[in-house]
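Each remark here refers to the structure printed beneath this line.
The model shown is predicted, which means the values in this text are computed figures rather than measured ones. Side chains included, hydrogens not; waters and symmetry mates left out as well; all remaining heavy atoms used. Letters go in sequence order (proteins before strands), and every chain restarts at 1.
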Amino acid sequence: MAVYESALDLIGNTPIVDVSALSPNPRVRILAKLEGQNPGGSVKDRAAKYMIEEAEKDGRLRPGSVLIESSSGNTGIALAMICKVRGYHLKVVLPENVSIERRQLLEVWGAEIIPSPGGEGSNGAMRRAIELAGEHPEWVFLHQYSNQANAKAHYEGTGPEIWRDCPELTHFIAGLGTSGTLMGAGRFLKEQNAAVQVWAVEPPVGEMVDGLKNLDEGYVPELFTANDGFDLLDRKMIVRPRESIEWTRRLTEVGVFSGISSGAIMAAAVKAAKLLDEGTLVTIVCDGGWKYLSTGAWTDGLDEVEARAKGIIYF
Amino acid sequence: MPAVRLPTVLRSHAGGAAVVVAEGETVADVLSWLEATYPGMAGQLRAPGGEAHRFVNVYVDDDDVRYLDGLATKVGEGTEVTILPAVAGG
């Protein structure tokens, strides 16, 4: 093993593991790319590093800079880790209904938390961050939902890594949050082989966050529209909390301890495997299960955990 | 007849119901039925007669209809239509 100069150099180059033992179809392989292996613990390390390094290059970030961002957790944690190492101060607008561990990790890395109403979810947190950034032009707002460096991290990192390790893939299945992973890696993979299908998975969060006053408070990230997301994706589905938790648990049978959103992605992969004759599906395990221990996802009764999961944002 | 799961923000227009049983053979029929039955929903789902607003997602049995046949996607007995505002994550 090489000796790395910085923990930040450990971002990316994550391993892919065969989890086909969970496939309902012997002719469909399911492979999982373990993004929880990143030093900050999630796939978001990639986008955070790219966004920060780009802002350093163009001079927006300087020693002592203050950053503002909204996040349901993972992007905030990733940015906070890098900010601590590089000497920046990060403020994160965080919905109140995320797991306690997400908040604790932001504190570990020294981020300042600005709470936003849980019922408004990530959309409300983002609106608040936009307001605050407008009131404080001296703060640097990287805005993960519109920052092309987010998708670029996956176009130059995640996508090429998958192609290098698994050129036989037929489907790429990932979660839709900012759309960075899907737009970046999805586009790269389609450019290598136009037959690769790109499927998006999302939780029915809109059903859980009941503080939105109007449907027009719905939000499609600029990153998605700017990258022709409506054309790039081949399919998009919601996976409900119960199934997400069931597949989060099933993943432990193959030694994968994942977060709940990865269980949702796995559930979608299993659905795909049932529909297809044959194929090789590459899925993303966005993070490890550590941040969700407090939800009892692996140990408590399914009904109880499902009810609890409906009250938190896990994407 | 398809069942429609309504998002919280639309339930007040349907007397608080979370699920309603609609009529129609396509998603477009279902939206028209909703707009006619619950006038408060008119304009919220789509511009009159048009596609669903960009910030509204419509799913048939958990699949986003934009990647099926759009509003022409067929629905029937036992189909579940889910309407949700688009929500970001990360």
Side-chain angles (χ1 to χ4, degrees), chain A residues 42-44 47 69-76 119 121-123 125-126 144-145 150 175-181 199-200 202-221 223-225 230 233-240 243 261 268 271 286 313-315, chain B residues 3-14 16-20 27 30-31 34-35 38-48 50-73 75 79-90:
Chain A
S42 87
V43 64
K44 296 299 182 184
E69 188 65 47
S70 72
S71 169
S72 56
N74 278 337
T75 302
S122 295
N123 294 13
M126 182 202 56
Q144 59 167 336
Y145 299 110
N150 173 356
L176 184 69
T178 65
S179 78
T181 310
W199 290 21
E202 50 189 357
V205 182
E207 219 163 59
M208 307 171 200
V209 298
D210 53 11
L212 299 182
K213 290 172 191 69
N214 282 299
L215 267 187
D216 63 9
E217 290 182 31
Y219 173 67
V220 178
L223 207 52
F224 185 80
T225 40
F230 289 115
L233 297 187
D234 296 288
R235 192 161 186 163
K236 177 152 85 69
M237 53 175 73
I238 40 175
V239 176
R240 294 176 191 277
E243 233 186 325
S261 64
K271 192 171 174 181
C286 314
I313 299 174
Y314 51 82
F315 244 64
Chain B
V4 184
R5 286 167 81 134
L6 298 172
T8 320
V9 293
L10 289 185
R11 290 178 192 168
S12 60
H13 301 298
V19 179
V20 297
V27 173
V30 168
L31 296 188
L34 287 171
E35 288 159 348
Y38 309 112
M41 291 189 198
Q44 293 221 46
L45 302 167
R46 56 178 178 171
E51 291 296 307
H53 288 309
R54 205 175 65 176
F55 47 80
V56 177
N57 290 330
V58 181
Y59 304 86
V60 165
D61 293 334
D62 292 350
D63 257 302
D64 188 328
V65 301
R66 284 194 185 92
Y67 306 93
L68 302 175
D69 295 322
L71 296 189
T73 303
V75 297
T79 306
E80 188 175 76
V81 178
T82 303
I83 299 171
L84 289 173
V87 174

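- Of the residues listed (L84(B), D62(B), V87(B)), the one engaging P204(A) in a side chain to side chain contact (heavy atoms under 4.5 Å, CB included) is L84(B), and it is the only one.
- Between Y67(B) and F230(A), the ring-plane angle classifies as parallel under the 30° and 60° cut-offs.
- One side chain, T75(A) or Q144(A), offers a donor N or O that lies under 3.5 Å from an acceptor on the other.
- Interatomic distance, L176(A) CG to T178(A) OG1, rounded to the nearest 0.5 Å: 8.0 Å.
- Contact annotation for D61(B): only backbone heavy atoms (N, CA, C, O) come within less than 4.5 Å of a heavy atom of chain A.
- Ranking S12(B), A88(B), P7(B) against chain A, the residue ahead of the rest is A88(B), based on heavy-atom pairs under 4.5 Å.
- Residue with the most contacts toward chain B among V43(A), T225(A), I313(A), D216(A): D216(A) (heavy-atom pairs, distance under 4.5 Å).
- If you tally non-hydrogen atom pairs under 4.5 Å between each of R5(B), R54(B), H53(B) and chain A, the highest count goes to R5(B).
- Your options are L212(A), V205(A), V239(A), and the one with the most heavy-atom pairs under 4.5 Å with chain B is L212(A).
- Contact annotation for K44(A): only side-chain heavy atoms (C-beta onward) come within less than 4.5 Å of a heavy atom of chain B.
- We find the OH-OG distance between Y145(A) and S70(A) to be 4.5 Å, quoted to the nearest 0.5 Å.
- No part of L6(B) comes within reach of chain A, as not one of its non-hydrogen atoms sits under 4.5 angstrom from that chain.
- Looking only at heavy-atom pairs under 4.5 Å with chain A, the residue among D63(B), L45(B), V56(B) that has the most is D63(B).
- When the candidates G73(A), S72(A), S261(A), G180(A) are compared by the number of heavy-atom contacts under 4.5 Å with chain B, S72(A) comes out ahead.
- A donor-acceptor pair is defined here as one N or O able to donate and one able to accept, closer than 3.5 Å; no such pair exists between the side chain of H13(B) and the backbone of A42(B).
- In this structure, CE on M41(B) lies 12.5 Å from CZ on R46(B), to the nearest 0.5 angstrom.
- Both the backbone and the side chain of N214(A) come within contact range of chain B, each with at least one heavy atom under 4.5 Å from a heavy atom of that chain.
- For the residue pair Y38(B) / Q44(B), no side-chain donor-acceptor distance below 3.5 Å is found, with atom types taken as modelled.
- There is no contact between S179(A) and chain B, counting heavy-atom distances below 4.5 Å.
- Interface summary for chain A: among P85(B), A18(B), G89(B), the most heavy-atom pairs under 4.5 angstrom belong to G89(B).
- Residue R66(B) touches chain A through its side chain alone, counting heavy-atom pairs closer than 4.5 Å.
- Judged by distance alone, the side chain of E217(A) and the main-chain N or O of K213(A) form a donor-acceptor pair under 3.5 Å.
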